[in-house]
2 protein chains.
Amino acid sequence: MSPENTPRLREPRRRRDVLPETTVARLPGYHSVLSAMAASGLATVSSEALAQASGVSSAMLRKDLSYLGSYGTRGVGYDVEYLIYQIARALGLAQDWPVVIVGAGNLGHALAKYGGFASRGFSVVGLVDADPDTVGERVGDLEVQPMAELEALIERTRPAIAVIATPAEAAQAVADRLVAAGVRNILSFAAAPLSVPADVEVRTVDLATELQILAFHEQRRTGRADMTEASA
Amino acid sequence: MSPENTPRLREPRRRRDVLPETTVARLPGYHSVLSAMAASGLATVSSEALAQASGVSSAMLRKDLSYLGSYGTRGVGYDVEYLIYQIARALGLAQDWPVVIVGAGNLGHALAKYGGFASRGFSVVGLVDADPDTVGERVGDLEVQPMAELEALIERTRPAIAVIATPAEAAQAVADRLVAAGVRNILSFAAAPLSVPADVEVRTVDLATELQILAFHEQRRTGRADMTEASA
DNA sequence: TAGATTGTTAATCGATTAACAATC
DNA sequence: TAGATTGTTAATCGATTAACAATC
């Protein structure tokens, strides 16, 4: 980035292409709703209708789309196909991204076979596990590789993303090896804060925490005596 | 705060026990870090040390904890055991929450067997699937029930939370049935916006979207020609 | 008392919502 | 032209960070 005309002093909003993280997180949803609309033959859609179908407000939708550019027509709405194309381009949906999964337990196993990835442009190209009993097992058309092969596997397949599906205790060590091997994007299912260099993107999905958050709401709703209830 | 002197007109911050959603989402992390500390014999911890280990700033940690009450000692720090107890109480970790899973495909299967739930107070008490070939299959010590049994299962087990692990197309219909049967907390893995009454809590985890967000960053990092790069 | 560290208030930052001028 | 709807600006809201007085 920054070809020859380097920014003068401090650039006011870095480049032009910085989408807020919250916007990026919503774009896949718009894309999938639009795809369904296109499949049902819809040619044009208003921000109101698309927002409704996506479960957001129309103001937020228009704001989100405005970061991509001006692809709507006032008084008319958005061309469905064209908007699909623009969102796909922004997200990098055009290409196929190779993914390596570390940990072939229940979750790693399920993720490797998960159809939802392939359909959205991700190919699981490798699956490794520390347990010798699991190594060699066939999962879909992959064979579980030994942990020792991790670096060689990354070297060979050059994954854009690595998924950590190991126990929490192993997660940091795995992350360190992934980073050292050149991986810059990690999706972790381990309930442990990962420490990585600033240029590495990490997203953590902790399934038990998700349930915990819901349990908290349930507890509040049913008014557990020790928590709420103290009013006269 | 305010035991008998109930707030006059509009209460300024609803009750007293409203934790910001962001705070609730971080409490499980603090709890697990503290548990590890307790296991290693640590009796007391400062906000600085706990924050560091949890991957947040000490200011944010203190703010989060202050919503629960004043459980630290100035000049000293927090008593590890006591803080564990208070967080557990706030989150509802004391009790065991029954969970029903709808959809016994790759993901539902893995979730039913996932050890991370049991260890955090959740018991999977039922697993249903629409596919007659899957019904009757044994998963852990559960047997996959037919979809028609959903209401009866809920009636019998009274789950605090239901997990939707069906294809996106089926998700809304499943949610409707869950809500009608009395479920008030839903964790959905289906990439579809669910429409539910206001008193129903829904959390959506879309695995493909998580990868998509990372792919976006990878694309930006490697500077795909069509996205950025247009400057003179 | 001197040093450490909490709990809280105020400042900052970012994201969402509302409103409307531009324009099809 | 009259009606519809975008793209954007300004207002609001909420969450994070900084700072520090209270207090162990």
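In this text the structure is predicted, and so the values were computed from the model without any measurement. Below, each value reflects all heavy atoms present in this structure, side chains not excepted, and no hydrogens, waters or symmetry copies. Protein chains get the first letters and strands the later ones, always in sequence-line order, with residue 1 at the start of each.
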Go through the structure and list residues passing side-chain contact (heavy atoms from CB on, under 4.5 Å) with A25(A), not counting sequence neighbours. I213(B)

Can you tell me how far C1' of dG7(D) sits from CD of Q86(A), to the nearest Å? 16 Å

Atom pairs and distances, side-chain donor-acceptor, residues 178-196 of chain B, under 3.5 Å, sequence neighbours left out:
from, atom 1, to, atom 2, distance (Å)
R184(B), NE, D199(B), OD2, 3.2
R184(B), NH1, V179(B), O, 3.4
N185(B), OD1, R221(A), NH1, 3.4
N185(B), ND2, E218(A), OE1, 2.7
N185(B), ND2, A160(B), O, 3.0
S188(B), OG, A190(B), N, 3.1

Below 4.5 Å, heavy atoms only, C-beta onward: do W97(B) and L214(A) meet side chain to side chain? no

Would you say the side chains of H217(B) and E21(A) form a donor-acceptor pair under 3.5 Å? yes

Provide, to the nearest angstrom, the distance between the CG atom belonging to L65(B) and the P atom belonging to dG7(C). 8 Å

Do Y85(A) and E81(A) have side-chain atoms, one donor and one acceptor, less than 3.5 Å apart? no

Quickly work out the L61(A) CG to dT6(D) P distance and round it to whole Å. 8 Å

Is the shortest distance from a Lys or Arg side-chain nitrogen in R120(A) or D206(B) to a carboxylate oxygen in the other one below 4.0 Å? yes

Residue Q52(A) excluded, over 12 heavy atoms near CD under 6.0 Å: no

Residues in contact with DNA chain D, drawn from residues 75-83 of chain A - heavy-atom cutoff 4.0 Å: G75(A), V76(A), G77(A), Y78(A)

With sequence neighbours left out, what residues match T23(A) under side-chain hydrogen bond (donor to acceptor under 3.5 Å, both in side chains)? D64(A)

E21(B) atom CD is separated from dG14(D) atom C1', nearest whole Å, by 13 Å

Sort and list the pairs that fulfil side-chain hydrogen bond (donor to acceptor under 3.5 Å, both in side chains) and have at least one residue in residues 165-180 of chain B, not counting sequence neighbours. E151(B)-R177(B), Q172(B)-D176(B)

The criterion is side-chain hydrogen bond (donor to acceptor under 3.5 Å, both in side chains); which residues satisfy it with S47(A), sequence neighbours excluded? R62(A)

Using a 4.0 Å cut-off on heavy atoms, which residues in residues 192-206 of chain A reach DNA chain D? List them by number, or say none. none

Those residues that, when tested against A173(A), pass side-chain contact (heavy atoms from CB on, under 4.5 Å) (two or more places apart): none

When you measure from the side-chain N and O atoms of T22(A) to the phosphate of dT16(C), is any distance below 4.0 Å, counting only OP1 and OP2? yes

Partner set under salt bridge (charged side-chain N to carboxylate O under 4.0 Å, His left out) for E201(A), not counting sequence neighbours: none

Any N/O donor-acceptor pair, R74(B) side-chain to dT23(D) base, under 3.5 Å: no

Using whole Å, report how far CZ of R62(B) lies from C1' of dT8(C). 10 Å

Expected output check: what is the dot-bracket annotation of DNA chain D, where ( ) and [ ] are pairs inside the strand (brackets for crossing ones), | is paired with another strand, and pairs are Watson-Crick or G-U under 3.5 Å? ..||||||||||||||||||||||

For DNA chain C, which residues in residues 32-58 of chain B have a heavy atom at a distance below 4.0 Å? S46(B), S47(B)

Spacing between Y67(A) atom OH and dT6(D) atom P, to the nearest angstrom: 17 Å

Does a side-chain heavy-atom distance below 4.5 Å link V124(A) with Y114(A)? no

Go through the structure and list residues passing salt bridge (charged side-chain N to carboxylate O under 4.0 Å, His left out) with R158(B), not counting sequence neighbours. E155(B)

In this structure, how many angstroms lie between the C1' atom of dG14(C) and the NZ atom of K63(A), rounded? 10 Å

Here the distance between atom P of dA11(D) and atom CE of M60(A), to the nearest Å, is 21 Å

So, OP1 or OP2 of dT16(C): does either fall under 4.0 Å of a side-chain N or O from R26(A)? yes

